[in-house]
Student: 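Input: one structure, supplied below.
Below, each value reflects all heavy atoms present in this structure, side chains not excepted, and no hydrogens, waters or symmetry copies.
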Number of protein chains: 2
Amino acid sequence: MTAHTSPATATATRRGRRPGTNTTRRAILDAARVRFAADGFTATTIRRVAADAGVDASLVMQFFRSKSELFAAVMSVPPKALTRFSAAFEGTDEHLGERVVRAFLEVWEGDDTSSEPLMAMLRGAIVNDQANEQLREFLQERLLVDGIASRAVDNATLRAGIVSSMLVGLVVGRGIVSVPTLTGADRETLISIVGPAVQRVLVPPPTAERP
Amino acid sequence: MTAHTSPATATATRRGRRPGTNTTRRAILDAARVRFAADGFTATTIRRVAADAGVDASLVMQFFRSKSELFAAVMSVPPKALTRFSAAFEGTDEHLGERVVRAFLEVWEGDDTSSEPLMAMLRGAIVNDQANEQLREFLQERLLVDGIASRAVDNATLRAGIVSSMLVGLVVGRGIVSVPTLTGADRETLISIVGPAVQRVLVPPPTAERP
DNA sequence: CTCATAACTCAACCAGTGTTGATATTGTGC
DNA sequence: GCACAATATCAACACTGGTTGAGTTATGAG
């Protein structure tokens with residue numbers, strides 16, 4: 001809504017290269033990240049991103065070759081997030097579930113800037129093949145596997161995948177579907193309820209589990 | 001891919017009303033259900049649905065007034081599913097979690113015909129407002145609430161929402177993202193792992209839960 | 001200074017897509 | 001049999017949205 005036909009700055013709609021330092025590429029990326037995270041892949045148009053960045057649409061195409069590549073440049077699992085998860089696995093089994101849930105929620109619902117690529121990935125996963133593959137890989141390999149693989153449990157990988165997908169479901173319910181009950185709950189309450197459940201999946205009690 | 005310019009049947013591309021009984025409306029609905037469930041809302045075009053049904057696109061518009069209404073006619077939570085869930089709550093607390101998970105998976109991954117409306121709803125939930133609202137309502141009210149509301153637990157509604165969204169996440173991981181580990185696991189294994197976790201959310205042990 | 005090159009904008013193309021109005025054929029009630 | 005409604009196709013409109021090619025202005029190396 002800000003800049004459309006005539007940006008507020010003095011630059012106006014001049015025709016050629018802009019004077020001064022070169023910030024535009026970054027600006028486009030920022031705008032794209034926001035849009036893709038908020039509106040999803042199909043609902044986000046290049047023209048809109050360009051407008052948000054105060055730039056012509058064709059420039060976007062010149063920097064990134066296509067809409068898909070622009071999306072790919074934005075949608076990702078930040079390495080920070082992966083580190084965060086690995087860290088959650090250090091230490092004893094005792095409150096493992098709780099730690100994992102906390103890490104998950106903090107990473108996904110942290111400050112907007114860092115969670116946007118994740119949201120973009122989620123929202124794109126249904127329509128865009130790259131996002132779908134990225135999410136699959138995330139759920140399959142990158143997330144809890146290396147953490148849990150070292151633990152001596154049956155179906156370790158499966159358990160990791162289950163926990164991941166379930167927590168993604170929780171995030172979707174809060175952030176995309178916006179279920180009032182879920183959005184209304186504060187993080188700690190959520191952790192106190194979900195934590196033990198996740199614990200139960202990751203570290204099953206030795207007594208039961210076999211009918 | 002089948003019928004486009006010249007359907008395989010003898011009807012050819014005749015101009016007016018077809019002789020015989022009237023099946024076309026149902027055919028359109030069937031085609032739409034399949035497409036919406038498989039490709040999602042935006043990726044599904046009216047022309048494609050029409051082609052699948054062996055019909056001109058404008059006829060689809062005549063029966064259902066718009067793409068959204070066609071989608072609305074297809075995407076839904078079948079009453080059968082709701083009944084199934086209610087039934088899962090009858091009986092003791094003891095294996096409640098297991099029963100709920102089983103009901104959930106059976107309903108969502110049953111024969112294609114009955115699960116397609118649910119899948120359509122899921123795939124549409126990101127792009128289409130109606131689907132989003134329907135899913136929200138499903139997670140919020142229709143699902144486990146009436147079942148769990150009668151039980152004397154703190155945060156009963158919240159717990160219901162948590163379980164629902166987590167199980168939706170599981171279904172998404174299996175059916176939409178197609179995580180190999182998850183798709184590879186058979187339903188009973190899944191139930192045996194997820195059941196206790198869900199149990200832990202719905203019927204928390206009286207001893208713990210307060211740090 | 002000069003000139004290649006990078007950073008820009010403009011106008012337009014092109015393919016789809018939802019949607020509509022006109023028309024043709026069949027069924028049905030009188 | 002006949003008018004009217006229901007069922008069907010066809011052609012085309014309006015519009016969006018990704019993508020492209022040509023032209024315009026700054027930067028930076030030689």
Student: Once hydrogens and angles are ignored, does a donor-acceptor distance under 3.5 Å link the base of C:dG16 to the side chain of B:Arg47?
Tutor: no

Student: Using heavy atoms and a sub-4.0 Å distance, could you list which residues of residues 39-46 of chain B are near DNA chain D? By number, please.
Tutor: none

Student: May I ask you to decide if the ring planes of B:Phe41 and B:Phe36 are parallel, tilted or perpendicular, using 30° and 60° as cut-offs?
Tutor: parallel

Student: If I take atom CG in residue A:Asp56 and atom C1' in nucleotide D:dT20, what distance separates them, rounded to the nearest angstrom?
Tutor: 12 Å

Student: Quick one, which residues of residues 57-68 of chain B touch DNA chain D with a heavy atom under 4.0 Å?
Tutor: B:Ser58, B:Leu59, B:Gln62, B:Phe63

Student: Tell me the interatomic distance from A:Leu70, atom CG, to D:dG17, atom P, rounded to whole angstroms.
Tutor: 15 Å

Student: Count the heavy atoms of every other residue, nucleotide or ligand shown that sit under 6.0 Å from CD of A:Glu69, and state whether that count exceeds 12.
Tutor: yes

Student: Can you list the steps and then say if B:Val168 with B:Trp108 is a side-chain contact (heavy atoms from CB on, under 4.5 Å)?
Tutor: CA-CA 9 Å; B:Val168 164; B:Trp108 225 294; 4.2 Å; yes

Student: Taking all non-hydrogen atoms of both residues into account, name the closest pair between A:Ala37 and A:Glu116 and its distance.
Tutor: CB-O, 3.5 Å

Student: Can a side chain N or O of A:Asn22 be found less than 4.0 Å away from OP1 or OP2 on C:dA7?
Tutor: yes

Student: Say you draw a straight line from CG of B:Leu182 to CG of A:Leu139; how long is it, rounded to the nearest 0.5 Å?
Tutor: 7.0 Å

Student: State the OG-CG distance between A:Ser192 and B:Asn155, to the nearest 0.5 angstrom.
Tutor: 7.5 Å

Student: How many Å lie between CD1 on B:Ile28 and C1' on D:dA6, as a whole number?
Tutor: 13 Å

Student: One pair to check against side-chain contact (heavy atoms from CB on, under 4.5 Å): A:Ile28 and A:Phe64. What are the steps and the verdict?
Tutor: CA-CA 10 Å; A:Ile28 293 176; A:Phe64 315 88; 3.7 Å; yes

Student: Measure CZ/A:Arg26 against P/C:dA7 and give the value in whole Å, please.
Tutor: 14 Å

Student: Can you name the nearest heavy-atom pair linking B:Thr183 to B:Arg174, along with the distance?
Tutor: CG2-O, 3.3 Å

